[in-house]
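Order of the sequence lines sets the chain letters (A, B, ...), proteins ahead of strands, with each chain counted from 1. Worth knowing before you read on, the calculation uses all heavy atoms, side chains too, and leaves out hydrogens, waters and symmetry mates.
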Amino acid sequence: MRKKLRVGFFSLSCCEGCSLVFFDLEENMLKALDFIEIVDARLFDGNHPEERLDLAIIEGGIQNERDKDDLVAVRKRSDYLIGFGACATVAGVPGMRNALPQQMQKSLQKKAIKPIKEKVYPINAFVKVDYLLQGCPVFTHELLDVLVKLYHGTKPKLEEVPVCKECIERENPCLLFQRIPCLGPVSYGGCKALCPTERGQCIACRGITKDGNFEALRELFRKMGVSEQEIHNLFTYFTANPFEKKEGE
Amino acid sequence: MHDSEDFYLRNITKVEGHANLSLKLRNKKVESCEFRITESQRFFEEIVEGRHFSQIPLIVARICGLCSSSHLITAIEAIERALDFSPSEQTLLLRELATNAEFLKSHSLHLYMLALPDYLNKESVLRFEEKEHHFIHDGLELKKAGTDVLIALGGRPHQTVNLRVGGFTRFPPQEKIDAVRKTLEQAREKAIDAIKLFSGFAKKNTFARKTNYVALVGSGYCLLCGAIKCTDGTIVDEEHYLDHLHEFLVPYSTAKQDKFNGEEYMVGALARMNLNKKEMYPSVKKLIKENKLKFPNQSPFYNNVSQALELLQCIEHSLKIIDELHVRKEPIPKIKPRESEGIGVTEAPRGVLYHSYKLNSRGFIESGNIVVPTLQNCRNIEGDLKQFVPTLLSKPREKAEYEIEKLIRAYDPCISCSTHFLKVRWT
C-alpha cells in the first residue's frame, strides 16, 4: 500500500466555507482519511507548522502581509499546492474591493484597523500554484478527485470549459434569451452550470475564460437595456481581479 | 498552575477564523483578558455600495461559510422591507424551512466536528478511535438532514442559488420535498442521542456567571421574525435596534464589540433557550425534563446542549412546514425601487443577526450596516474568562489552557464573520 498523502488545510482571508466542504464529503470523508493524513489544519485539528506536506490546500485571498507570509511559508514546506475556492483563485468576493473607486480604496486602506494591501490578491500572485480548485464554494467531488489523483501519483488537469457548454448540455433555457444578464459565455464551468440550472444568472465564481469576449457581452447587455452601472457591477462580481499580477509588476 | 500566569493562545483551533487570546493572571485575579480577532476586514459594507439590491443577498451570503443562508435571508428581508414588498406565504414557509435546515447543518457540524473532541479529551475528530467513530456517523447524518433540505431548496448546501429578493428563482419539485422528509425523520433519533450526549457534558461543568441574554421573541420559536428581547427586561422593535446596541472598537482586535443597553450580553442557542424555551415542541420539552436540564441557565457550556436541543426543534419544525407545503410555481414579481431603508433581523445559528440597507430611487445601495452574532459575544467571552480562569488554579497549566479553549469553543464563534466591516453605522 502506498504511503498516505500528507495534507494541510490553510485559510487566509476568507469565510472558511471551502474548508468546511471537507465535512460535506460525509461518509467519503472517512474513506478519504484511509489514504490521506491531515497533518496541519487549524480548523479541523491543530496548528502543526513543523510538518512537511505532500499537499497544501489553501483557501482565501491575500489581504495583508500575514496572509502573504503564511502562504510563502506553507509553499516552502509542501510539494504540491492548490488554490481552493474563489478567494484563493480569483480573489473572490473580498476582491470586489479592487473594483471600488480609487479614492474609496485609498480611504479603506487608511481606515483599516490592521494594515491591508492596496488590493486583494489571489494566491498565484505570490507563489507558484500547482492547481486551482474553482468555485464559491468548491464542490466535494472535485476535492475528492484531486485527493485521489494525487494519492495515486497522477496530476489533476484543469479542464477549461465555459459555463454555456455545460448549460446547453443540461438543456436549460438560455437566460440571455429571457433578457437576464448572465456571465455564462465568458466564465469557466466545471460547475455543471449549477446557477443557470437553478434559473439564476452565472456570476463567474470560477473565473473568466482566457478568450472570453467581454466587449461582445457588454454590447449584448446594453441591447438588453442593462444600465452601465449594472454592467460594471456584473463584470466586477467575482471577476474584479481576474488578471491581477504580482504587486508592483 | 501558579497564582500569576500569562496565557497567550495563538490561532485558536477548531473555530472558524483566526483569533488569539491574551490573558494575564495576577495574584489569582485576571488583570487583563483580550480576545484578539486578527483577520483582516473584508469590507462587505463598502463592497455593496452602489450595487443593485437584487445582487446584495448573494454577495453578503459570502460573509460566512457556515451560515450563508442566514446572511442571505436576512439581507433579503431587509431589502423587501425597504421596498415595502410582502413575499407570498409559500416563499415565507420555504425560507423558514431553509433557516431550520441551516441550523441543523451548522449546529451538527459544530457539535460533532469541532466541540465534541473537547469533551472526549481528543485533539480533534480526526483522532477519534474506532469505537468513537459512531459519533462521527451520527454528526454526519444530522448534518446531511440539513444539507439535503438546502440542496432541495437552493441547489446546494452552501451559498444557495435560488433564494432571491421577491421569492425563488426555481421551486423544488414535490418529490424532492418528500425525499427530504424521510431524511429528517431518520435524523430525529440522532438528535435525541445528541441531546443525551451533550446533557451529560453540560452537567459536568459547574461554571456559571450572571450575564444578559438577547434573542428574538414572538409567537413560536422565532428564527425569522419577532421582537428583540433582553433578559434585563427590555423588548425592542426590530426598527429600533440601534437605540440599544452600542458598537465600539477595542485596540487589540480587528472586530468591533457590542453592548446592549450598556452591558455585555450573550446571543445564540443558550440565549434562545433562556428566553424562548416555552415555545419549543413538546418532544423537545420532554427531553429537557428527562435529562434534568435547567433553563434559564447561566453556564456558557450549556450553549452546546442548547444547540443539541435545537437540532430536534429544527427537525420537528421542518417536518411541520413540509406537511403544510404544496409547492406551486410562483414567478418573482417585478419590484419597483424607491428611495428607502429597511432592516432585517433574524436568528442565525450563532445568534441575532442584523442587516440594514439604504436604497436610492433606482434601487442601488447607498449604505449598509451588518451586525453579526460573534462580535456581540466577544465581550461576554472575555467576561466569562475573567471569572472562569481563577477557578482553574488547582489544575496544571496545560489543562487550564485546554479548559479556556473549551469555553471559547462552547460559544461556537464564527470569527471571519465578525470582521467584515469598518464603518460606524449611518446616522
Novice: Can you establish whether the number of heavy atoms outside B:Phe248 located under 6.0 Å from its atom CZ is more than 12?
Specialist: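 Buried by this count: over 12 neighbours within 6.0 Å.
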Novice: Relative to chain B, which segment of A:Cys14 carries a heavy atom at a distance below 4.5 Å: side chain, backbone, both, or neither?
Specialist: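 Contact with chain B is through the backbone of A:Cys14 alone.
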Novice: Are any non-hydrogen side-chain atoms of B:Glu16 and A:Ser11 less than 4.5 angstrom apart?
Specialist: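 Sidechains of A:Ser11 and B:Glu16: no contact.
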Novice: Between B:His137 and A:Glu27, does a side chain to side chain contact (heavy atoms under 4.5 Å, CB included) hold up when you go through it step by step?
Specialist: CA-CA 8 Å; B:His137 295 290; A:Glu27 293 300 320; 2.9 Å; yes
Novice: When you look at NZ of B:Lys143, are more than 12 heavy atoms from neighbouring residues, nucleotides or ligands closer to it than 6.0 Å?
Specialist: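 Count over threshold, so yes.
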Novice: With a 4.5 angstrom heavy-atom cut-off, which part of A:Asp67 approaches chain B: side chain, backbone, both or neither?
Specialist: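 A:Asp67 has no heavy atom closer than 4.5 Å to chain B.
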Novice: Are there over 12 heavy-atom neighbours, none belonging to B:Glu398, within less than 6.0 Å of that residue's CD?
Specialist: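 At most 12 heavy atoms, drawn from other residues, nucleotides or ligands, come within 6.0 Å of this atom.
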Novice: Kindly give the heavy-atom pair with the smallest separation between B:Arg42 and A:Ser13, and that separation in Å.
Specialist: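 Scanning both residues completely, I find the closest heavy atoms to be CD-C, 4.5 Å.
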Novice: Counting only non-hydrogen atoms closer than 4.5 Å, does A:Leu20 touch chain B with its backbone (N, CA, C, O), its side chain (CB onward), both, or neither?
Specialist: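 Side chain only.
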Novice: Less than 4.5 Å apart, any side-chain heavy atom of A:Phe22 and any of B:Met113?
Specialist: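 No; the side chains remain at least 4.5 Å from each other.
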Novice: Among A:Asp24, A:Asn233, A:Asn64, single out the residue with the greatest number of heavy-atom pairs under 4.5 Å to chain B.
Specialist: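 Heavy-atom pair counts peak at A:Asn233.
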Novice: Side chain, backbone, both or neither: which part of B:Phe364 has a non-hydrogen atom closer than 4.5 Å to chain A?
Specialist: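 Only the side chain of B:Phe364 comes within 4.5 Å of chain A.
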Novice: Does CD in A:Glu50 sit with more than 12 non-hydrogen atoms of other residues, nucleotides or ligands closer than 6.0 Å?
Specialist: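 For A:Glu50, atom CD is crowded (more than 12 foreign heavy atoms under 6.0 Å).
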Novice: Counting only non-hydrogen atoms closer than 4.5 Å, does B:Ser68 touch chain A with its backbone (N, CA, C, O), its side chain (CB onward), both, or neither?
Specialist: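 Neither; nothing under 4.5 Å.
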Novice: Are the side chains of B:Gln55 and A:Leu234 in touch, meaning some heavy atoms are under 4.5 Å apart?
Specialist: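 Yes, side chains in contact.
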Novice: Provide the closest heavy-atom pair for B:Ile47 versus A:Arg97 in the form atom of the first, atom of the second, distance.
Specialist: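 In terms of heavy atoms, the two residues are closest at CG1-N, 4.0 Å.
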Novice: Heavy atoms only: give me the nearest B:Ser40-A:Ile116 pair and the separation to one decimal.
Specialist: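 Shortest heavy-atom contact: OG-CG2, 3.7 Å.
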Novice: Any idea which of B:Val15, B:Leu58, B:Ile12, B:Ile59 has the most non-hydrogen atom pairs under 4.5 angstrom with chain A?
Specialist: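 Looking at each of B:Val15, B:Leu58, B:Ile12, B:Ile59 in turn, B:Ile59 comes out on top.
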Novice: Report which part of A:Leu12 has an atom under 4.5 Å of a heavy atom belonging to chain B: side chain, backbone, both, or neither.
Specialist: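 Answer is backbone: N, CA, C or O of A:Leu12 sit under 4.5 Å from chain B.
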Novice: Distance-only, no hydrogens or angles: does the A:Arg66 side chain make a donor-acceptor pair with backbone N or O of B:Glu39 under 3.5 Å?
Specialist: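 Not at all, since once roles are kept as given, no pair shorter than 3.5 Å links the two residues.
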Novice: Has B:Thr169 got a side-chain atom pairing as donor or acceptor with A:Glu198's backbone, closer than 3.5 angstrom?
Specialist: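 Pair found, side chain donor or acceptor close to backbone of A:Glu198.
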Novice: If only atom types and distance count, is the side chain of A:Asn47 paired as donor or acceptor with the main-chain N or O of B:Asn11 below 3.5 Å?
Specialist: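 Yes, A:Asn47 side chain to B:Asn11 backbone: donor-acceptor pair under 3.5 Å.
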Novice: What part of A:Thr197 lies closer than 4.5 angstrom to a heavy atom of chain B: side chain, backbone, both or neither?
Specialist: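 Contact with chain B is through both the backbone and side chain of A:Thr197.
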Novice: Please state whether the side chain, the backbone, both or neither of A:Glu37 comes within less than 4.5 Å of a heavy atom of chain B.
Specialist: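 Contact with chain B: none, neither part.
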Novice: At a heavy-atom separation under 4.5 Å, does B:Arg127 approach chain A through its side chain, its backbone, both, or neither?
Specialist: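 For B:Arg127, side-chain heavy atoms alone lie under 4.5 Å from chain A.
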Novice: Looking at side-chain heavy atoms only, is the closest gap between A:Glu26 and B:Glu141 below 4.5 Å?
Specialist: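 Sidechains of B:Glu141 and A:Glu26: no contact.
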Novice: Which of these passes side chain to side chain donor-acceptor pair (under 3.5 Å) with A:Gln229: B:Arg51, B:Arg362, B:His52?
Specialist: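 The residue from B:Arg51, B:Arg362, B:His52 that satisfies side chain to side chain donor-acceptor pair (under 3.5 Å) with A:Gln229 turns out to be B:Arg362.
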Novice: Check A:Leu43 against B:Leu114 and note the closest heavy-atom contact, atom names and distance.
Specialist: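 Shortest heavy-atom separation between A:Leu43 and B:Leu114 comes out as O-CD2, 3.3 Å.
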Novice: Which pair of heavy atoms, one from B:Arg156 and one from A:Cys195, lies closest together, and at what distance?
Specialist: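 Closest pair (atom of B:Arg156, atom of A:Cys195, distance): NH2-SG, 4.4 Å.
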Novice: Under a 4.5 Å heavy-atom cutoff, which of A:Pro137, A:Cys205, A:Ala86, A:Cys87 has the most pairs with chain B?
Specialist: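 Going by pairs under 4.5 Å, I would pick A:Pro137.
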Novice: Grab the two heavy atoms, one from A:Leu100 and one from B:Glu46, that are nearest each other, plus how far apart they are.
Specialist: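 For A:Leu100 and B:Glu46, the tightest heavy-atom pair comes out as CD2-O, 3.8 Å.
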